[in-house]
Amino acid sequence: MKESFDIKVPSNPRMMQLVRKTIAQACEMVGFSEREVHAVTLAVDEGCTNIIRHCYQGSETGHIVIRVRLYDDKIEIILRDFGDEIDVEKLRKCVKKMKRKLKRSGSVRPGGLGVMLIHSIMDKVHYKTSQDSGTVLRLVKYLSDAREKEIASNSTA
Amino acid sequence: MKESFDIKVPSNPRMMQLVRKTIAQACEMVGFSEREVHAVTLAVDEGCTNIIRHCYQGSETGHIVIRVRLYDDKIEIILRDFGDEIDVEKLRKCVKKMKRKLKRSGSVRPGGLGVMLIHSIMDKVHYKTSQDSGTVLRLVKYLSDAREKEIASNSTA
Amino acid sequence: MQVIVQHDKNTAVISISGDVDLYSSPEMRKAITQLSKKKVPLIVVNLKDVDYMDSSGVATLVEGLQLTGKYKGCFRIACLKPTVWEVFELARLDRVFEIYETEEKALKVSPL
Amino acid sequence: MQVIVQHDKNTAVISISGDVDLYSSPEMRKAITQLSKKKVPLIVVNLKDVDYMDSSGVATLVEGLQLTGKYKGCFRIACLKPTVWEVFELARLDRVFEIYETEEKALKVSPL
Ligand SMILES: Nc1ncnc2c1ncn2[C@@H]1O[C@H](COP(=O)(O)OP(=O)(O)O)[C@@H](O)[C@H]1O
Ligand SMILES: Nc1ncnc2c1ncn2[C@@H]1O[C@H](COP(=O)(O)OP(=O)(O)O)[C@@H](O)[C@H]1O
C-alpha cells in the first residue's frame with residue numbers, strides 16, 4: 001500500500017479536533033496500535049498548534065496544508081504553513097536544551113513542551129524553511145517490527 | 001461560525017473510511033444529531049463512490065476534492081472530480097424514475113440507489129458539469145429547527 | 001471488514017463485522033455467491049457488528065436475495081443496528097428483505 | 001470540552017470532560033485561575049472524562065501548580081486515562097504532579 005491524501009485547514013484551533021480524527025484514522029489504516037495512534041495524533045496536533053501560535057501568531061486567517069502518506073511500514077505526515085521563514089537553528093537548540101533539562105529531572109517550565117513531544121514521539125522530524133514559501137515540517141513514524149509482523153500474518157490469514 | 005476546509009483523496013475505495021471519519025467529525029461540529037451525522041456521511045460516501053465508479057471507472061489514479069463549509073445552521077459539502085462532462089439531464093431523469101418506483105413499492109433493482117440516497121438525505125443537491133473542469137456536486141444539509149434551538153440554548157448556558 | 005462463514009448442508013450464517021462499503025463489500029459478495037452456488041437452502045447474514053453500510057453493501061444483499069431466489073432458497077438478514085436499518089429504510093428495502101432481530105429467530109422461522 | 005466546578009472554602013474540584021487542546025484549554029485555565037485567586041487551599045482537577053490532552057492542556061496544569069504554589073496551596077490531579085497519562089510521561093511531568101487514582105483519594109490525603 002502506498003496512498004496519499006491532503007487536508008487543508010484554516011489556522012483555527014477549532015479545526016484541530018477534525019485534524020486529529022483524520023490523522024487517527026490514517027494511522028489506524030497503516031496498522032499502528034491504539035497507543036501509537038494516539039501518540040502520532042498528538043505529535044501532529046502539536047505541529048499544527050505551533051504553526052497557529054508561532055507562525056500565524058494566533059490569527060485564524062492563515063492555512064495549514066497537511067499531506068499524509070500511508071506506507072506498509074510507516075506513516076509520513078508533512079505540515080506546510082505559508083508564514084515567514086523561521087529560525088530552524090534556534091528550534092534545534094530549543095529541543096536540545098529541553099532534552100537535557102528533562103534528563104535531569106521533571107522540569108516545571110512548560111515552554112518548549114510541544115516541540116519536545118514531537119521529537120520524542122516521531123522517528124523522523126525535519127524542518128525546511130524558506131523566505132517565500134513558508135515552512136515544511138516532515139514527520140515520519142515507523143511501525144514497530146512486532147506490529148508489522150502481526151499485521152502481515154493477519155492479512156495473509 | 002463559518003469555517004471551511006478541504007480534503008483531497010485519490011479515487012481509491014480504501015480512502016472512503018477516512019473521508020467518512022472526517023465528514024462525521026465536521027457534522028458533529030455543526031451540531032447534527034447522531035442520526036443526521038450518519039445520514040450526511042452516507043450521502044457524501046455515495047457521492048464519492050459514484051465518482052470512483054462512474055467518473056473514473058474504477059481507476060484509482062483520479063482525485064476527488066471535497067470542500068466542507070461549516071455554518072451555524074447548515075453544512076455544505078462540495079465534491080469535485082476531474083473527469084469528463086456527465087449527462088446531468090440523464091441523472092435527473094434517473095432520480096425521478098427511482099423516486100416514482102420507490103413510491104409504488106420496494107423495488108428489488110439495486111441500480112440508482114446511490115443517487116437516490118443522496119437526494120433523500122440532503123436538502124440541496126446540485127450537479128454542475130463542464131467539459132474541461134469535471135463535475136461539481138454541491139450538497140447542503142440544514143440543522144433541524146429543534147436542533148438549532150437546542151444548540152443555541154446550550155451555548156448560552 | 002471481516003467475514004466469517006459457518007455452514008452445513010442446510011443452513012449458512014455469514015457474520016460480518018466492520019464497515020460494509022465499496023472497498024469491503026466485494027468480500028461479502030464472494031461469501032454470498034459461493035454459498036448460493038452450492039444452493040444452500042437457508043442463508044442468514046448476521047450484521048450485528050456492522051455500524052455502517054452504504055449502497056454497495058445494500059446492492060450486494062439485494063443480489064443475494066436474487067441469487068437464492070433462483071433456486072427457491074431463503075435469504076435472511078439478522079441483527080440490524082439502527083444506522084444500518086436506516087439505510088434499508090431510506091432505500092425502501094426494509095420490506096423487501098426478511099429481517100430478524102436475532103440470528104436464532106432467523107434460523108428457526110420456517111420458510112414463508 | 002465541559003468544565004464543572006464544585007467548591008467550598010477549603011476544597012475545589014474541577015471536573016473536565018472532552019478533549020483539552022489549544023481550543024478548549026483557555027476554559028480550564030479560567031477555572032483554575034479563578035480558584036487560585038481565591039486561594040482555595042486544595043484544588044483537585046478530575047480528568048476522568050478526558051480522552052485527549054495536548055501540551056496546551058499540560059501547560060495549563062503546570063500553571064495551576066505554580067499559581068497554587070505561591071500561596072502554599074495544594075494542586076492535585078485525579079483519574080488520568082492511559083492516553084492522558086502518556087502525555088504526562090512523555091513530558092516527564094508524571095513525577096512533578098501529585099496524581100491520584102480517584103477523586104476521593106485526592107481529597108483525603110493530607111498535604112505533603
Ligand atoms: N511552527 C513554528 N514556527 C515558528 N517557531 C516555532 C514553530 N514551532 C516552534 N517554534 C519555536 O519553538 C519554541 C518552542 O515551541 P513549543 O515547544 O511549542 O513551546 P512553547 O511555544 O510553549 O514555548 C517556540 O517558542 C518557538 O519559538
Ligand atoms: N459522479 C457521476 N458521474 C457520472 N455519472 C454518474 C455519477 N453519479 C451517478 N451517475 C449516473 O447515475 C446512475 C445512478 O447511479 P447510482 O445511484 O450510484 O446507481 P448505480 O451506479 O448502482 O446504477 C449511474 O448509473 C450513472 O449513470
Side-chain angles (χ1 to χ4, degrees), chain A residues 1-32 34 37-38 40-41 44-45 48-49 51-52 56 58-72 75-82 151 154-155, chain B residues 1-32 34 37-38 40-41 44-45 48-49 51-52 56 58-72 75-82 151 154-155:
Chain A
M1 177 230 329
K2 195 179 152 179
E3 211 55 75
S4 95
F5 69 90
D6 294 347
I7 175 160
K8 181 180 171 190
V9 295
S11 56
N12 183 337
R14 244 185 86 82
M15 284 293 131
M16 291 305 108
Q17 201 173 12
L18 190 119
V19 168
R20 291 198 297 269
K21 280 277 155 97
T22 309
I23 297 296
Q25 178 62 33
C27 290
E28 276 176 32
M29 284 163 68
V30 173
F32 286 103
E34 210 179 307
V37 170
H38 166 255
V40 175
T41 303
V44 174
D45 177 319
C48 290
T49 58
I51 291 172
I52 295 174
Y56 295 122
S59 155
E60 298 179 1
T61 57
H63 281 97
I64 306 171
V65 173
I66 306 167
R67 168 156 298 177
V68 182
R69 293 211 178 93
L70 314 173
Y71 295 87
D72 286 327
I75 191 164
E76 183 182 343
I77 300 147
I78 296 154
L79 307 181
R80 180 188 292 274
D81 67 47
F82 305 90
I151 291 158
N154 275 345
S155 62
Chain B
M1 177 234 325
K2 194 179 153 181
E3 211 56 74
S4 95
F5 69 91
D6 294 346
I7 176 162
K8 181 181 171 189
V9 295
S11 56
N12 183 337
R14 245 185 85 83
M15 285 292 131
M16 291 306 108
Q17 201 173 12
L18 190 119
V19 168
R20 290 198 299 268
K21 280 278 154 95
T22 310
I23 297 297
Q25 178 61 31
C27 290
E28 275 174 33
M29 283 162 70
V30 173
F32 286 103
E34 210 178 307
V37 171
H38 166 255
V40 175
T41 304
V44 174
D45 177 319
C48 290
T49 58
I51 290 172
I52 294 175
Y56 295 122
S59 156
E60 297 178 0
T61 57
H63 281 97
I64 306 171
V65 173
I66 306 167
R67 168 156 297 176
V68 182
R69 293 210 177 92
L70 314 173
Y71 294 88
D72 286 328
I75 191 164
E76 184 182 342
I77 300 146
I78 295 153
L79 307 182
R80 180 188 292 273
D81 67 48
F82 305 90
I151 291 159
N154 274 345
S155 61

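First the proteins, then the strands, lettered A, B, ... as listed; each starts at 1.
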Where M15(B) and F5(A) come nearest, the two heavy atoms and their spacing | SD-CD2, 4.2 Å

Shortest non-hydrogen contact from P10(A) to S4(B)?
-> CD-O, 3.1 Å

For D6(A), is it the side chain, the backbone, both or neither that has a heavy atom under 4.5 Å from a heavy atom of chain B?
->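 Both the backbone and the side chain of D6(A) come within 4.5 Å of chain B.
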
For atom CZ of R80(B), is the number of surrounding heavy atoms from other residues, nucleotides or ligands below 6.0 Å larger than 12?
-> no

Heavy atoms only, distances under 4.5 angstrom: which of I7(B), T22(B), L18(B) has the most pairs with chain A? Name it, please.
->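 Most heavy-atom pairs within the cutoff with chain A belong to L18(B).
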
Options E28(B), K21(B), E60(B), ranked by heavy-atom pairs under 4.5 Å with chain A, top entry | K21(B)

Out of R67(A), Q25(A), Q17(A), H63(A), which one racks up the most heavy-atom pairs below 4.5 Å with chain B?
->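 Among R67(A), Q25(A), Q17(A), H63(A), the one with the most close pairs to chain B is Q25(A).
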
